[in-house]
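Okay, structure first, notes after.
Excluded from the calculations below are hydrogen atoms, water molecules and symmetry mates; all remaining heavy atoms, backbone and side chain alike, are included.
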Amino acid sequence: MIKKRIIPCLDVKDGRVVKGVQFKGLRDIGAPADLASYYNQEGADELVFLDISKTEKGHALTLDIVRQTAEHLFIPLTVGGGIRSIHDISLLLQNGADKVSLNSAALNHPDLVRQASEKFGKQCICIAIDSQYDEVLNDYFCCTHGGKKRTDVRVYDWVQHVETLGAGELLITSMAYDGMKQGFDLYHLNEIAQLVNIPIIASGGGGNPSHFTELFAKTDVSAGLAASILHDKETTIFDIKTALQQGGIPVRWT
């Protein structure tokens, strides 16, 4: 069986790691490089660095902070936020990123996904989706600008489209579950998993190790993302992996 991955997420705003609930009420956590060093030692399988100040304001890539973060890592680093071109992707990969995460840019210019996949390899291209449920339409829609703007693009259509364009991985955040610590959006994740054949990272809702056991036992996702529960040391990667192993779910031990 393929071993499941536990991935801490660093939401970075103006050079500092922050965390909120449902993308609101952000509070300072610390320096990206410091947290990267900590998670590298703690046994994280990968690390995601999302510069949310870029997605909100559209200012330039902070390559120095990405490079400083990457210097503390011996695990894969995915970087997203503010990426608009092949040149941006190239710069990030040259400065320590192993993969890039595309959200708004992919929705605005879908052909960027194809171009990036052909140039850098699909293994480098992760499509991040901030998914918002509409109760009236009983459907999920993609959001941009750090979850602030909803599009008319259906999530279930988009995941299939980006796979055909050459995406190598999906990062799905259920916005209503983000920071709530009540468990993952299992129904939504299962629906997506039935539509695509590329790895899925689940984000939004992990509150304790049992939620990750439930995630992997009840869906076919490849990885679980966590932020505040790890930043605040409510639990640890070791605790999560121990619970997974006890639940019969294969994990990587460094």
Side-chain angles (χ1 to χ4, degrees), residues 7-18 23 31-33 35-36 40 46-131 142-149 151 153 155 158-173 196 198-201 203 223 225:
I7 305 176
C9 181
L10 308 182
D11 292 314
V12 181
K13 185 177 177 67
D14 300 324
R16 299 285 292 179
V17 178
V18 297
F23 292 47
L35 272 81
N40 192 83
E46 299 183 17
L47 189 70
V48 168
F49 178 117
L50 297 179
D51 196 329
I52 61 174
S53 53
K54 305 287 184 297
T55 60
E56 292 175 358
K57 302 175 185 176
H59 57 81
L61 301 170
T62 47
L63 296 176
D64 54 338
I65 298 175
V66 171
R67 187 166 56 250
Q68 290 166 16
T69 303
E71 287 173 354
H72 290 78
L73 294 174
F74 295 96
I75 55 177
L77 173 65
T78 299
V79 179
I83 299 170
R84 294 184 293 271
S85 66
I86 291 293
H87 179 64
D88 287 344
I89 296 172
S90 180
L91 285 175
L92 288 169
L93 294 176
Q94 291 171 23
N95 281 273
D98 298 286
K99 310 179 200 176
V100 294
S101 171
L102 303 174
N103 185 345
S104 300
L107 284 161
N108 293 331
H109 305 287
D111 200 52
L112 178 64
V113 180
R114 181 190 60 78
Q115 295 173 11
S117 180
E118 290 177 356
K119 183 173 180 63
F120 304 108
K122 65 184 298 181
Q123 77 284 349
C124 291
I125 310 303
C126 176
I127 301 300
I129 299 173
D130 295 331
S131 179
C142 299
C143 293
T144 63
H145 296 80
K148 290 180 170 56
K149 295 184 180 181
T151 71
V153 180
V155 170
W158 183 235
V159 295
Q160 296 176 84
H161 186 43
V162 294
E163 181 179 27
T164 64
L165 291 172
E169 190 169 49
L170 300 173
L171 168 54
I172 308 294
T173 301
V196 299
I198 53 179
I200 297 169
I201 303 171
S203 171
L225 200 77

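- Take Ala105 and apply the side chain to side chain contact (heavy atoms under 4.5 Å, CB included) test, not counting sequence neighbours, and it matches Leu112.
- Ala116 pairs by the side chain to side chain contact (heavy atoms under 4.5 Å, CB included) definition with Ile86, Ile89, Phe120, Ile125, not counting sequence neighbours.
- No side-chain donor-acceptor contact under 3.5 Å links Ser203 to the backbone of Thr173.
- Applying the salt bridge (Lys or Arg N to Asp or Glu O under 4.0 Å) rule to pairs touching residues 116-126 yields Arg114-Glu118, sequence neighbours excluded.
- Annotation for Leu107 and Cys143: closest pair CD1-O, 4.3 Å, computed over non-hydrogen atoms.
- A search for ring-ring contact (aromatic ring centres under 6.0 Å, His included) contacts involving His109 returns nothing, not counting sequence neighbours.
- In this structure, Gln160 has no side chain to side chain donor-acceptor pair (under 3.5 Å) partners at least two apart in sequence or on a different chain.
- Counting heavy atoms from C-beta on, the side chains of Pro110 and Leu165 come closer than 4.5 Å.
- Contacts of Asn95 classified as side chain to side chain donor-acceptor pair (under 3.5 Å), with partners at least two apart in sequence or in another chain: Arg67.
- By the side chain to side chain donor-acceptor pair (under 3.5 Å) test, Thr78 is found to be paired with no residue, residues two or more places apart in sequence or in another chain being considered.
- Residues satisfying the salt bridge (Lys or Arg N to Asp or Glu O under 4.0 Å) test with Glu46, not counting sequence neighbours, are Arg5, Lys99.
- Partners of Gln94 according to the side chain to side chain contact (heavy atoms under 4.5 Å, CB included) rule, which considers only residues two or more places apart in sequence or in another chain, are Ser90, Leu91.
- For Glu71, the side chain to side chain donor-acceptor pair (under 3.5 Å) criterion is met by no residue, not counting sequence neighbours.
- Using a distance-only test at 3.5 Å, with no hydrogens or angles considered, no donor-acceptor pair links the side chain of Ser117 to the main chain of Val113.
- The closest side-chain heavy-atom distance from Asp130 to Asn103 is below 4.5 Å.
- Checked by atom type and distance alone, the side chain of Thr62 never pairs as donor or acceptor with a backbone atom of Asp64 at under 3.5 Å.
- Within the model, atoms CD of Gln68 and CG of Leu73 stand 12.5 Å from one another, a figure rounded to the nearest 0.5 Å.
- Residues passing the side chain to side chain contact (heavy atoms under 4.5 Å, CB included) test with Asp98, sequence neighbours excluded: Pro76, Leu77.
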